Structures are given as C-alpha cells and as structure tokens.
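Predicted model only: the values in this text are computed from it and were never measured. The chain is numbered in sequence order, starting from 1.
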Amino acid sequence: MPDGLHELLREVGKPDGYGSVRLTASGEVLTKVPAGSYDQVGAAEVNSGYIPVYLGQIGGTFDFSDFSNDPDLLTTQSAIRVWTGLPFHHGEAWSVCSDGVLRWRWQDYQFDSAFDHDELVAKYTQFRPEGGRLYINEHGHIWGNLNRRTVPAEMDAAVMEAYQNWREAAGPAAQRLVTRRLQHTESEDAPDGLLPVYLGHLSQFDQGVAPKPIVSDQRYFVAAARDADQ
C-alpha cells in the first residue's frame, strides 16, 4: 500500500482505514465516505449518502509483481501492443464519440473534456472508426478494446502482429487477465471478445494534456452520492 494512504482513509472517516479508492489519469487519489462519518460534510456538494473526497496524489511507483500497469512506451505514433495491465475496474473510462470529442459518461450523465484530444481520437479511430471506450490509468497509459472482426483492413496486420507478439511473450498472469477480458466482452457482434490494446501514453498525444470532464449538471453529484462505488 502507498505510504500514508491507510492513515488518510482512517482520518477522513473510513472504518479502520480500509475501503476502495480510485486513481485518476493524473494520479489523484479519490474515495467516498459515508456522510455520517465525514466531518467536513458542510463543505461538500452533497450532505447525504457517500461524499466524494480527494485524498492526494500518488508519488513514486505503484505497481504489481506479476504484471505492470506502467509498460515501456510505444516507439512510434502508429504502434500498438496488447494491453497486459489491469483490464477490469481500473483507469478513467472515456468515450470516443462520432464528433471527435472525448466524453465521460455515467448513467444518464455525460460531460465533455475541457480540452481537444484530436491526436488521441485519431489514433483510436484508426483501429475502431465507430468509436467506443478507452481507459487512462494513473501512469497516463491509454488502452482500448478492439473488435478484431471490424478492424479496418489496412490496420488488420498491425493488430494480428500485436496479438501474436503477446501470445509468445506474455507471462501466465498477463495471459490469464487478457483471456478473461476476451471472455467477458464476447457478444453477437464480437464472438471472439474485444482485444485490449495499448494505444500509447498521454505524453505522446495533444501536448500531454489529460482529459478533464466539465461537470455541467450539478445533479450528478446528488445521483452519484447514492452509490458507494460510483
């Protein structure tokens, strides 16, 4: 556990210093605290349910022993690799939309990023023209799901090469995670599942600017406070 996190969770009202946290694309650490346990509830956007609380920012390294969420950077703008970091419940989820905008979505709420992300959107839509989800983790690495049956013909060879390279080099933990991701994302449109693909690092796109949602509807805070994990 990162130094100081356990103590901070206890200080803000988490029982015994335990509970879930979220890490943003900028390494910020967030959690939710029951309103009855939070001594600064008067300063919050809501005063009931679960209060979103900023704890601080991750410094130094934060990783795992069997696989890495902080891989080596891709060597060229057009390169890809199979994503072998955490593929479930990890990283900020953004939608690449048909108008070229990155949007953050939750239930009926959606908020545009405050910045333009033309280069990142262009990289994503090379492989998935219809748009879809991408994820940005606390190290600034970006990955998304690709349907290998609908990848444009000119990108098919690059996706196949990335998949074969992963099959030959991945360790057991990484192979297990990717396989489970493929199984979890199987559908009628993607019977082979969606392949998690590493697209690059924030520093390689759009002057390194991390997307930030503009919360234009304050009712979102009330709705989100009803659930401890959202």
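- Between His117 and Phe115, the angle of the ring planes goes over 60°, which puts this pair in the perpendicular group of the 30/60° scheme.
- Looking at every heavy atom in both residues, Ala170 comes nearest to Ala174 through CB-CB, 4.2 Å.
- Across Lys32 and Lys14, no two heavy atoms sit closer than the pair O-NZ, 2.6 Å.
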Could you walk me through whether Asp206 and Asp116 pass the side chain to side chain contact (heavy atoms under 4.5 Å, CB included) check?
CA-CA 8 Å; Asp206 308 296; Asp116 293 330; over 6 Å; no

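- Two different hydrophobic clusters hold Trp143 and Trp104 under the rule that ILVMFWY side chains link at heavy-atom gaps under 4.5 Å.
- The salt bridge (charged side-chain N to carboxylate O under 4.0 Å, His left out) search around Glu28 returns Lys212, not counting sequence neighbours.
- Checked by atom type and distance alone, the side chain of Gln204 never pairs as donor or acceptor with a backbone atom of Gln77 at under 3.5 Å.
- Here the closest heavy-atom approach between residue Ile136 and residue Pro211 is recorded as CD1-CG, 3.5 Å.
- Heavy-atom neighbours of Gln218 CD from other residues, nucleotides or ligands within 6.0 Å: above the threshold of 12.
- Here the NE2 atom belonging to His184 is positioned 10.0 Å from the CG atom belonging to Leu194, to the nearest 0.5 angstrom.
- Between atom CD of residue Gln164 and atom CH2 of residue Trp166 there is a gap of 10.0 Å, rounded to the nearest 0.5 Å.
- Looking at Thr31, its side chain never comes within 3.5 Å of a backbone N or O of Tyr54 through a donor-acceptor pair.
- Side-chain N or O atoms of Tyr18 include none that pairs as donor or acceptor with a backbone N or O of Leu9 at under 3.5 Å.
- Note: the hydrophobic cluster containing Tyr135 does not contain Leu30 (ILVMFWY, side chain heavy atoms under 4.5 Å, direct or indirect links).
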What verdict does the side chain to side chain contact (heavy atoms under 4.5 Å, CB included) test give for Leu74 and Lys123, after you've listed the backbone C-alpha separation in whole Å, the side-chain angles of each residue and the deciding distance to 0.1 Å?
CA-CA 13 Å; Leu74 297 171; Lys123 174 70 178 280; 4.1 Å; yes

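- The cluster map of Ile, Leu, Val, Met, Phe, Trp and Tyr, joined by side-chain heavy atoms under 4.5 Å apart, puts Ile142 and Phe127 in the same cluster.
- Both Tyr124 and Phe205 are assigned to one and the same hydrophobic cluster, defined by single-linkage of ILVMFWY side chains at heavy-atom distances under 4.5 Å.
- Shortest non-hydrogen contact noted between Val215 and Tyr220 is CG1-CD2, 4.1 Å.
- A distance of 14.0 Å separates OG of Ser37 from CZ of Arg10, quoted to the nearest 0.5 Å.
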Exercise answer: donor-acceptor pairs, residues 195-202 side-chain atoms, under 3.5 Å, sequence neighbours excluded:
residue	atom	partner	partner atom	Å
Tyr198	OH	His141	ND1	2.7
His201	ND1	Ser203	N	3.0
His201	ND1	Ser203	OG	2.9
His201	NE2	His139	O	2.7

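- Atoms CG and CG, on Asp108 and Asp217 in that order, are 10.5 Å from each other to the nearest 0.5 Å.
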Review item, side-chain donor-acceptor pairs of residues 40-53, under 3.5 Å, at least two apart:
none

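- Using a 4.5 Å heavy-atom cutoff, the side chains of Asn137 and Leu23 are not in contact.
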Kindly determine whether Leu8 and Glu11 satisfy side chain to side chain contact (heavy atoms under 4.5 Å, CB included), including the steps that lead there.
CA-CA 5 Å; Leu8 272 175; Glu11 288 174 12; 3.9 Å; yes

Distance-only check: which donor-acceptor pairs under 3.5 Å involve side-chain atoms of residues 81-100, not counting sequence neighbours?
residue	atom	partner	partner atom	Å
Arg81	NH2	Asp72	O	2.4
Trp83	NE1	Leu86	O	3.2
His90	NE2	Glu138	OE1	2.9
Glu92	OE1	Trp94	NE1	2.9
Glu92	OE2	Ala25	N	2.9
Asp99	OD1	Val101	N	3.2
Asp99	OD1	Arg103	NH1	3.2
Asp99	OD2	Arg103	NH1	3.3
Asp99	OD2	Arg103	NH2	2.7

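- Nearest heavy atoms, Val12 versus Tyr38: O-CD1, 3.5 Å.
- The side chain to side chain donor-acceptor pair (under 3.5 Å) test applied to Glu130 returns Arg128, not counting sequence neighbours.
- The nearest pair of heavy atoms linking Ser20 to Arg22 is CB-NH1, 4.0 Å.
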Ignoring hydrogens and angles, write down the donor-acceptor pairs under 3.5 Å from the side chains of residues 144-152, residues two or more places apart or on other chains.
residue	atom	partner	partner atom	Å
Asn147	OD1	Arg149	N	3.0
Asn147	ND2	Asp189	O	3.0
Arg148	NH2	Asp192	O	3.2
Arg149	NE	Asp192	OD2	3.0
Arg149	NH2	Asp192	OD2	3.4
Thr150	OG1	Asn147	O	3.3

